[in-house]
Amino acid sequence: MALRFFNTYSRDLEQFHPRDPNGRKIDIYTCGPTVYSRAHIGNFRAYIFEDLLQRHLELRGYNVHRVMNITDVDDKTIRGAREAKIPLQEFTAPFKQAFFQDIERLRIKRADDFPAATDQIYIDKMIAMISTLIARDLAYQAEDKSVYFRINRFPDYGKLAHFDLTQLQSTGRVKHDEYDKEHIGDFALWKAWDEEDGDIGWESPWGRGRPGWHIECSAMATALLGDQIDIHCGGVDNIFPHHEAEIAQSEGCTGKKFVRYWLHCAHLLVDGQKMSKSLGNFYTLADVLEKGYTGREIRYALMRVHYRAPLNFTWDGMEEARQSLGRIDDWLTRLRETAGNKIDVAGTTQRTDAANNFEETLDDDLNISAALGFLFETIRETNRAMDRGELDPASANAWLNWWERVDSVLAISDGENEIPAEVSKLAREREQARLAKDWRKSDELRNELNARGWETRDTKDGQKITRRAGA
RNA sequence: GGCGGGGUAGCCAAGUGGUAAGGUCGCGGUCUGCAAAACCGCUAUUCGCGGGUUCGAUUCCCGCCCCCGCCUCCA
């Protein structure tokens, strides 16, 4: 099956065709974090979806160039810096650092570029774009000195969200001191400095101020990827107004179609509800790690549901993720034992079929659930063959090679676990106790190993110890 | 009110105009000193509800109900 994705713009599944005439190079722009606090697991669901997308495109032979912006100036960062009585950069730095730590723990590939909104080159680019928009009558400076986009002059405004502009209602989420706008839907490109901004601001043709949120992404995307990009991703809540505004700004400047495919990830719910601090169901990655779950377990839990379906985060779900990964770990351990020392043996026809199923399923708008279904079916079939002693080393190796491809997309395999000397000493003692049929001592040692996070299994080839899932 | 996404077993979830993948949990069995893992078996006569089309619908059409989100700076 050819690659296809659900494009928010058309609300339809579309075959994927990159702009690159050779069909190999793909540009992706993804909206990154606002660094005013630790990102929460809902944010990471979106980033994991984007990572899955990139990894699958790469498995399919595409050369992906991805940009993720860092918003390091906005109302919240300014407020945070003011309350902490420290410079803005000093306030955002630790959150940037935490963000990079978090994505590493979740095995999210780093983007090729992480432009920050406060980089002078992007501020300059934003100012240049705003000037162009004003020159084209698509923007105006209002009485309050801020510059706004004039949505009535951009006929396509509302096409992405499929909104009728006359229906726009204020939700009161934004402070409404913006009476100077011509239309309630006009959004700020440049926000005039006010007292609350303190010493944060940049000089511009319209006076001191700071960029609006939307213009950042237009400036950084076009600066790094050009006037047109293949795929732009984000959470569904960014469709309107953020991405709608990006289209208006970018196309208003370049006159070219900005994005070919808009992909949006559904929300993460926690216990069936939106995360919020007041409900006490608000989790950062650190919160979940503290409960004893590992990065790959969290990655799996956030990845296993299709990106366009709402995902309900629960602790039962985390436990399920742990058990599922344990099943995969044990399967790999067995395959490696069966394969012995052989490496790089040519695959079997059976392997190829499974590979196609896994990959073709992902081609269909990243159908991860079906892809995992194929993986687990494969696991059962090969386990059955190994139980019967019917899987030869060459086939086991072929499966391991297949897994390498699968895991290049999923990125969920367990690291190599070195067995600590102390643990292997206990294991040897238990082996001796078992030979002596001293079951009491043997069981005590098993409990001891268990307490240290290691599980023992007595097989016909002798005792095996493995690291317990999550330990 | 407008615009979306979703409603399939205890929980998570795939899927198709032809009779329900997979994961997890639970129960029984094989194996084991006992376990663990693995494997085998059982667990939705049924896919939110009501109509319609059809030889046949969970899948198509119409109506309705419920959950979640967006509607101007939340991924």
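All chains are named by letter (A, B, ...) in the order of the sequence lines, taking the proteins before the strands, and each is independently numbered beginning at 1. Values reported hereafter were calculated over all heavy atoms of this structure, with side chains retained and with hydrogens, waters and symmetry mates removed. Because the structure is predicted, anything quoted here is derived from the model rather than measured.
Rounding to whole angstrom units, CZ of residue Arg327(A) and C1' of rG22(B) are separated by 10 Å. One can place CD of Glu455(A) at 13 Å from C1' of rA38(B), the figure rounded to the nearest angstrom. Separating the CG atom of Asp329(A) from the C1' atom of rA38(B) is a distance of 15 Å, rounded to the nearest angstrom. A straight line from CD of Glu297(A) to C1' of rG23(B) spans 15 Å, rounded to a whole angstrom. When rounded to the nearest whole Å, the span between NZ of Lys159(A) and C1' of rG2(B) equals 18 Å. Here rC11(B) presents its C1' atom at 18 Å from CZ of Arg322(A), a figure rounded to the nearest Å. Put simply, CD1 on Ile368(A) is 17 Å from P on rG22(B), counting in whole angstrom units. For the pair Glu337(A) CD and rA37(B) P, the interatomic distance rounds to 16 Å; values are reported in whole Å.
Ring centers of His40(A) and Phe282(A): under 6.0 Å apart, within the cut-off. The ring of Phe149(A) has its center closer than 6.0 angstrom to the ring center of Phe187(A). Taking the six-membered ring for Trp and the full ring otherwise, Phe240(A) and Phe163(A) have centroids separated by under 6.0 Å. The aromatic ring centroids of His214(A) and His243(A) lie 6.0 Å or more from each other. Between Tyr47(A) and Phe99(A), the gap from one ring centroid to the other is short of 6.0 Å.
Defined by atom type and a distance below 3.5 Å, a donor-acceptor pair is present between the side-chain atoms of Asp287(A) and Thr284(A). Between the side chains of Asp363(A) and His56(A), a donor-acceptor pair is found at a separation under 3.5 Å. Of the N and O atoms on the side chains of Asp407(A) and Ser413(A), at least one donor lies less than 3.5 Å from an acceptor on the other residue.
Taking only side-chain atoms of Asn367(A), from C-beta outward, the nucleotide of rC39(B), rA14(B), rA36(B) with the closest atom is rA14(B). In the set rC39(B), rA14(B), rG69(B), rA14(B) carries the atom at the smallest distance from any side-chain atom of Ala370(A).
Among the heavy atoms of the strands lying under 4.0 Å from Phe187(A) is at least one base atom, whether or not backbone atoms are also near. Residue contacts for His40(A): at a heavy-atom cut-off of 4.0 Å it reaches a base atom on one of the strands shown. In this structure, Gly317(A) reaches neither bases nor backbone, as no heavy-atom distance under 4.0 Å exists between it and the strands shown. At the heavy-atom level, Ser324(A) lies under 4.0 Å from the strands shown only through sugar-phosphate atoms. Leu268(A) comes within 4.0 angstrom of a base, heavy atoms only.
The same atom, C1', is picked in rC40(B) and in rC61(B); the two are 44 Å apart, to the nearest Å. Distance check on atom C1': rC31(B) versus rC39(B) gives 9 Å, rounded to whole Å. Only the P atoms considered, rU59(B) is 15 Å distant from rU19(B), to the nearest whole Å. Straight-line distance between the P atoms of rU32(B) and rU46(B): roughly 42 Å, to the nearest whole Å. Using C1' as the reference atom, rA57(B) and rC49(B) are 15 Å apart when rounded to the nearest Å. rG26(B) and rA37(B): their P atoms are spaced 10 Å apart (whole Å). rU24(B) and rG41(B) have their P atoms separated by 16 Å, given to the nearest Å. Distance noted for atom P between rU8(B) and rC70(B): 22 Å (whole Å).
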Grab the N/O contacts between the protein and nucleotides 30-35 of chain B below 3.5 Å, and write none if there aren't any.
unit_1, atom_1, unit_2, atom_2, d
rG33(B), N7, Arg434(A), NH1, 3.0
rG33(B), O6, Arg434(A), NH1, 3.2
rG33(B), O6, Ser442(A), OG, 3.3
rG33(B), N1, Asp443(A), OD1, 3.0
rG33(B), N2, Asp443(A), OD2, 2.8
rC34(B), O2, Arg446(A), NH2, 2.6
rC34(B), N3, Arg446(A), NH1, 2.9
rC34(B), N3, Arg446(A), NH2, 3.4
rC34(B), N4, Asp458(A), OD2, 2.9
rA35(B), N6, Asp458(A), N, 3.2
rA35(B), N6, Asp458(A), O, 2.7
rA35(B), N1, Asp458(A), N, 2.8
rA35(B), N3, Arg446(A), NH1, 3.0

Might you list the N or O atoms of the protein lying below 3.5 Å from N or O atoms in nucleotides 4-9 of chain B, with each pair's distance?
unit_1, atom_1, unit_2, atom_2, d
rG5(B), O2', Arg308(A), O, 2.9

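Between Asn383(A) and rC39(B), a side-chain N or O to OP1/OP2 separation shorter than 4.0 Å is present. Residue Arg384(A) has a polar side-chain atom (N or O) positioned under 4.0 Å from OP1 or OP2 of rC40(B).
Checking His214(A) against Asn312(A), the closest nucleotide of RNA chain B that is more toward the 5' end is the one next to Asn312(A). Both Gly32(A) and Arg304(A) sit near RNA chain B, but only Arg304(A) has its closest nucleotide nearer the 5' end.
Using a cut-off of 4.0 Å between Lys/Arg side-chain N and Asp/Glu carboxylate O, Asp387(A) and Arg384(A) are scored as not salt-bridged.
Taking the six-membered ring where the residue is Trp, Tyr293(A) and Trp315(A) present parallel rings, their angle staying beneath 30° rather than reaching 60°.
At distances below 3.5 Å, at least one donor-acceptor pair connects side-chain atoms of Ser146(A) with backbone N or O atoms of Ala192(A).
With Phe358(A) as the aromatic partner, Arg405(A) does not meet the cation-pi criteria of under 6.0 angstrom to the ring centre and within 45 degrees of the ring axis. The side-chain tip of Arg79(A) does not point at the ring of Tyr36(A) from less than 6.0 angstrom away and within 45° of straight on.
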Dot-bracket assigned to RNA chain B with the 3.5 Å Watson-Crick/G-U criterion, [ ] for crossing and | for other-strand pairs, is (((((((..(((.....[...))).(((((.......))))).....(((((..]....))))))))))))....

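Between the side chain of Glu320(A) and the base of rG23(B) there is at least one donor-acceptor pair of N/O atoms closer than 3.5 Å.
One finds the NZ atom of Lys464(A) at 12.5 Å from the OG1 atom of Thr456(A) (value rounded to the nearest 0.5 Å).
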